[in-house]
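Take a look at this one; I'll ask things after.
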2 protein chains.
Amino acid sequence: MEKKQLTDRQEKILSFIQQFQQESGYPPTLREIGKHFGISSTFGVKRHLDALVKKGYLNILGNASRGISINKDELFNPEPINISEKESNKIPIIGRVAAGSPILAEENIEGSVLIDQTFLKKSDNYFALKVKGDSMIDAGIFDGDLVIVSPQVYANNGDIIVARISDEVTVKIYEFKNQVVKLIPQNKDYKPIVVENKEEFSIVGKVTGVLRWLN
Amino acid sequence: MEKKQLTDRQEKILSFIQQFQQESGYPPTLREIGKHFGISSTFGVKRHLDALVKKGYLNILGNASRGISINKDELFNPEPINISEKESNKIPIIGRVAAGSPILAEENIEGSVLIDQTFLKKSDNYFALKVKGDSMIDAGIFDGDLVIVSPQVYANNGDIIVARISDEVTVKIYEFKNQVVKLIPQNKDYKPIVVENKEEFSIVGKVTGVLRWLN
DNA sequence: AAAAATAGTGTTCATTTGTTCACCACAAAT
DNA sequence: ATTTGTGGTGAACAAATGAACACTATTTTT
C-alpha cells in the first residue's frame, strides 16, 4: 500500500506523540502537543492530527481525552534501507535465578541476545530466559531453548507464562478456574501444579517467543 | 523491594488497565474501569487505583485524564539497549519457493530478520525459511516457525536439513544408510520419504536455529 | 489566476474526567 | 470493643480537554 507523504510539521508531531507515549505511558493532549510546538490554539493542533488520521498514521477516538493511538502498521520505517539501531533490540538473558533476588538482578544476567525489532512491541521491557527441563516439550519448548518474555503481572487462561513460586522460576501454561491457579505443563510425564500458597506465587511475564539454536 | 500482595479485585483491575492500554494505545478513565467492573462511582475506582499506587504497581498523574502508567518495576530492566550494526546480521526470509527457481531468487524473498551475531558464523550465507506443516513437531518445529538455515550440500545422519525434491522444499531429518537417502519426519502421522530419484533431490542446507513468535 | 492544502490565532462551548465529601457494609487485626 | 483495610453508592464540583467557528497568511497544485 502506498504511504502518503507527511509534511515536515506532521512528521515532527507524529514523532512527538510517539515519544510522549513511550515515556509517559499515555498519549498527549492537544494542548500538550501545542505547548511543545508553540502552537497556542488547540484547533491548530487538531488539524494536524486530523491530517495524520486521514493519511492513516493515527487513530483518534472522538471526544475522549488523550484518545490518540498510533497505527503501528503504517508507522513502519518509511525508508528501510540501513539496519540501524532502531530495527534491533538487545535484551538480557537470565540464567539461574538466585534465591530471593529480583529476576533481573545483575547477578542473574548471563548475557544478551539481539531480537528483531519487528517482533518486539516498543513499550515492553523484554527479557530472555534459558529454559531448564522438558516440561513444555509438547508446546515446542525444549531444554536449553531461550524463551522471550514480556513482563506482565496478569495472564489469560492458556497463555504460556513465566511464573515464580517462592524462589523457583518456571515456564508453564496458565489456568485460573474456580479461584484456583494451575500451572499446566505440556508433557504427559508431568502433572499440573496447583498453586496453594498465593503469597509465594507471582506471574513474571508472558512468553512471546522461542529461540532455539542447534549445535 | 518486595512487592506487596494485591487483593483479588486490585489484581483484576491492574490486569484490565494493562490490557486496555495494550489494545487501545491509551489508558482507561476511571469511568471506563468502573463500567467494566460494574462500579458506578468513580470514587470506588479511584481508591483501587490509589491502593495500586501505594503498593507500587501504578503511577498516577494528578488531574490528568487517563494519567495512569503501569510501573515496569524495579525488577524489570529499565530500557532495552539499542545496538550497532556490527553485532547484528540481517538474513532474508524465504516464503514460498517458486517452481524451478533458485531458493534465494528475489521472487522468493519475503522479508528479512535480524539474528544475533553470536549465533551466526561469519562465513555463511544464512537464510530463514517459514515452516509449513507439522511434520516436525516432535523436534519442536511447528507450523509457522522460522528455521534458520545454513546453506550446505552435505549433511550427517541425524541432522535437521532443508531438502529439495523436484520443486518442493521440505524440512526433515537426514539419514543415509545402505546407499539410500531417507528424509525422516518427526511426527507419528508422517512416514519417512525415501529418495528414489537422486536427480531431483538436493540438500539445501542445515537447520541451525528455530525462531517462533506467539500471538 | 484560482483552488486547495498547509499552518496558525483567539475565542467559545460542551464533554470528559479527576477529586472530594458523606455515608454504608463487612471482615480481619489490635 | 475499636480500629484498619477493603469495597462500595451518589452527588456535586472544578479542572482538563476536545470540538467548532471565523479569520489570516503562505505555499503548492491545477
Side-chain angles (χ1 to χ4, degrees), chain A residues 2-17 20-21 23-71 78 153-154 179 197-199, chain B residues 2-17 20-21 24-71:
Chain A
E2 172 121 23
K3 230 150 288 167
K4 282 175 191 155
Q5 193 61 36
L6 291 184
T7 66
D8 221 49
R9 201 65 163 162
Q10 284 162 5
E11 199 168 319
K12 274 175 187 148
I13 287 175
L14 179 59
S15 136
F16 171 73
I17 292 170
F20 188 103
Q21 164 72 270
E23 284 167 15
S24 316
Y26 38 82
T29 64
L30 296 185
R31 283 171 182 82
E32 281 164 347
I33 298 170
K35 193 180 172 192
H36 183 264
F37 289 97
I39 302 172
S40 67
S41 170
T42 56
F43 188 54
V45 175
K46 183 165 170 44
R47 271 219 314 260
H48 284 303
L49 299 193
D50 288 343
L52 285 166
V53 169
K54 204 173 165 189
K55 290 178 180 176
Y57 289 80
L58 288 183
N59 289 320
I60 289 187
L61 182 65
N63 280 319
S65 61
R66 303 178 195 273
I68 305 171
S69 60
I70 295 173
N71 240 333
V153 292
Y154 76 97
Q179 303 301 309
N197 189 349
K198 281 200 176 180
E199 309 285 317
Chain B
E2 191 68 35
K3 272 276 159 105
K4 282 173 192 155
Q5 191 63 31
L6 292 184
T7 66
D8 225 49
R9 200 64 162 161
Q10 286 163 2
E11 200 168 319
K12 273 175 186 151
I13 287 175
L14 180 60
S15 249
F16 173 72
I17 293 170
F20 188 105
Q21 163 73 268
S24 315
Y26 38 82
T29 63
L30 296 185
R31 283 171 183 84
E32 280 163 349
I33 298 169
K35 193 180 172 191
H36 183 264
F37 289 98
I39 301 172
S40 68
S41 171
T42 55
F43 188 52
V45 175
K46 183 163 170 42
R47 272 218 312 257
H48 284 303
L49 299 192
D50 288 343
L52 285 166
V53 170
K54 204 171 164 191
K55 290 179 180 175
Y57 288 81
L58 289 183
N59 287 322
I60 289 187
L61 182 65
N63 281 318
S65 60
R66 302 179 195 271
I68 305 169
S69 60
I70 293 171
N71 233 335

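From a predicted model like this one, the values you see are computed outputs, not experimental measurements. Here is how names work: the chains are called A, B, and so on, in the same order as the sequence lines, proteins then strands, and each is numbered from 1.
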Take the protein atom CD1 of B:I39 and the nucleotide atom P of D:dT6, then report the distance between them rounded to whole Å.
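Taking atom P of D:dT6 as the reference, CD1 of B:I39 is at 14 Å.
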
Terminal helix-axis angle for the helix from C:dA1-D:dT30 to C:dT30-D:dA1, with five pairs defining each axis and rounding to 10 degrees:
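Inter-axis angle at the ends, rounded: 30°.
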
Tell me whether the OP1 or OP2 atom of D:dA16 has a side-chain N or O from B:R66 closer than 4.0 Å.
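Negative; the distance criterion is not met.
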
Any chance you could lay out the salt bridge (charged side-chain N to carboxylate O under 4.0 Å, His left out) test for B:D50 and B:K46, step after step, and finish with the verdict?
CA-CA 6 Å; B:D50 288 343; B:K46 183 163 170 42; 3.3 Å; yes

Would A:I39 and A:I33 satisfy side-chain contact (heavy atoms from CB on, under 4.5 Å), going step by step from the backbone distance to the final call?
CA-CA 8 Å; A:I39 302 172; A:I33 298 170; 5.9 Å; no

Counting only side-chain N and O atoms of A:S65, is one of them less than 4.0 Å from OP1 or OP2 of C:dT17?
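Checking A:S65 against C:dT17: at least one side-chain N or O falls below 4.0 Å of OP1 or OP2.
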
Can you tell me if B:Q10 touches the phosphate of D:dG7, counting only side-chain N or O atoms and a distance under 4.0 Å to OP1 or OP2?
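For D:dG7, OP1 or OP2 has a side-chain N or O of B:Q10 closer than 4.0 Å.
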
Any chance you could measure B:T7, atom OG1, to B:I13, atom CD1, to the nearest 0.5 Å?
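Between B:T7 OG1 and B:I13 CD1, I get 7.5 Å after rounding to 0.5 Å.
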
For nucleotides 19-23 of chain D, list the nitrogen or oxygen atoms of the protein found under 3.5 Å from its nitrogen or oxygen atoms, one pair per line.
unit_1	atom_1	unit_2	atom_2	d
D:dA19	OP1	A:N63	N	3.3
D:dA19	OP2	A:K46	NZ	2.8
D:dA19	N6	A:T42	OG1	3.3

Once you measure the plane-to-plane angle for A:F16 and A:F37, does it fall in the parallel (<30°), tilted (30-60°) or perpendicular (>60°) bin?
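Aromatic pair A:F16/A:F37 classed perpendicular.
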
Which whole-number value in Å describes the distance from B:L14 CG to D:dG7 P?
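Value for this atom pair: 13 Å.
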
Are A:I60 and A:L52 side-chain neighbours, meaning at least one heavy-atom pair lies under 4.5 Å?
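No, side chains not in contact.
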
Using atom types as modelled and distance alone, determine if a side-chain donor or acceptor of A:R66 lies under 3.5 Å from a backbone N or O of A:P28.
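No, the answer is negative, given that no donor and acceptor are paired below the 3.5 Å cut-off.
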
Between B:K35 (NZ) and C:dT16 (P), how many Å, whole number?
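Between P of C:dT16 and NZ of B:K35: 12 Å.
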
Taking atom P of D:dG8 as reference, at what distance in whole Å does atom CD1 of B:I33 sit?
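The distance from CD1 of B:I33 to P of D:dG8 comes to 12 Å, rounded to the nearest Å.
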
Need to verify one output field. Residue with the more 5' nearest nucleotide on DNA chain D, A:T29 or B:S40?
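Its nearest nucleotide lies further toward 5', so the answer is B:S40.
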
Would you indicate what A:G38 reaches in the nucleic acid, counting non-hydrogen atoms under 4.0 angstrom: base, sugar-phosphate, or nothing?
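Counting heavy atoms under 4.0 Å across all strands, the contact made by A:G38 is with sugar-phosphate only.
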
Close side-chain approach of B:S65 to B:P27, heavy-atom, < 4.5 Å
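No; the side chains remain at least 4.5 Å from each other.
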
Atom-pair distance (NZ on B:K54; C1' on D:dT6), nearest Å
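Going from NZ in B:K54 over to C1' in D:dT6 covers 11 Å.
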
Would you tell me if any nitrogen or oxygen in the side chain of B:T7 comes within less than 4.0 Å of OP1 or OP2 on D:dG5?
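Looking at the OP1 and OP2 atoms of D:dG5, neither is under 4.0 Å from any side-chain N or O of B:T7.
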
Euclidean distance, atom CD of residue A:E11 to atom C1' of C:dA7 [Å, nearest integer]
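Result: 17 Å.
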
Verify, without hydrogens or angle tests, whether B:Q21 (side chain) and A:G25 (backbone) share a donor-acceptor contact under 3.5 angstrom.
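Here the side-chain-to-backbone pair exists.
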
Grab the CZ-C1' distance between A:F37 and C:dT9 for me, whole Å please.
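Distance, rounded to whole Å: 18 Å.
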
Tell me the interatomic distance from B:K12, atom NZ, to D:dT6, atom P, rounded to whole angstroms.
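Between P of D:dT6 and NZ of B:K12: 16 Å.
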
For D:dG7, does either OP1 or OP2 sit under 4.0 Å from a side-chain N or O belonging to B:H48?
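Answer is yes, contact under 4.0 Å.
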
CZ/B:F43 to NE2/B:H48 distance, rounded to the nearest 0.5 angstrom?
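Separation between the atoms: 11.0 Å.
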
Taking the side chain as every heavy atom from C-beta outward, state whether A:T29 and A:I68 have any atom pair closer than 4.5 Å.
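They are not in side-chain contact.
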
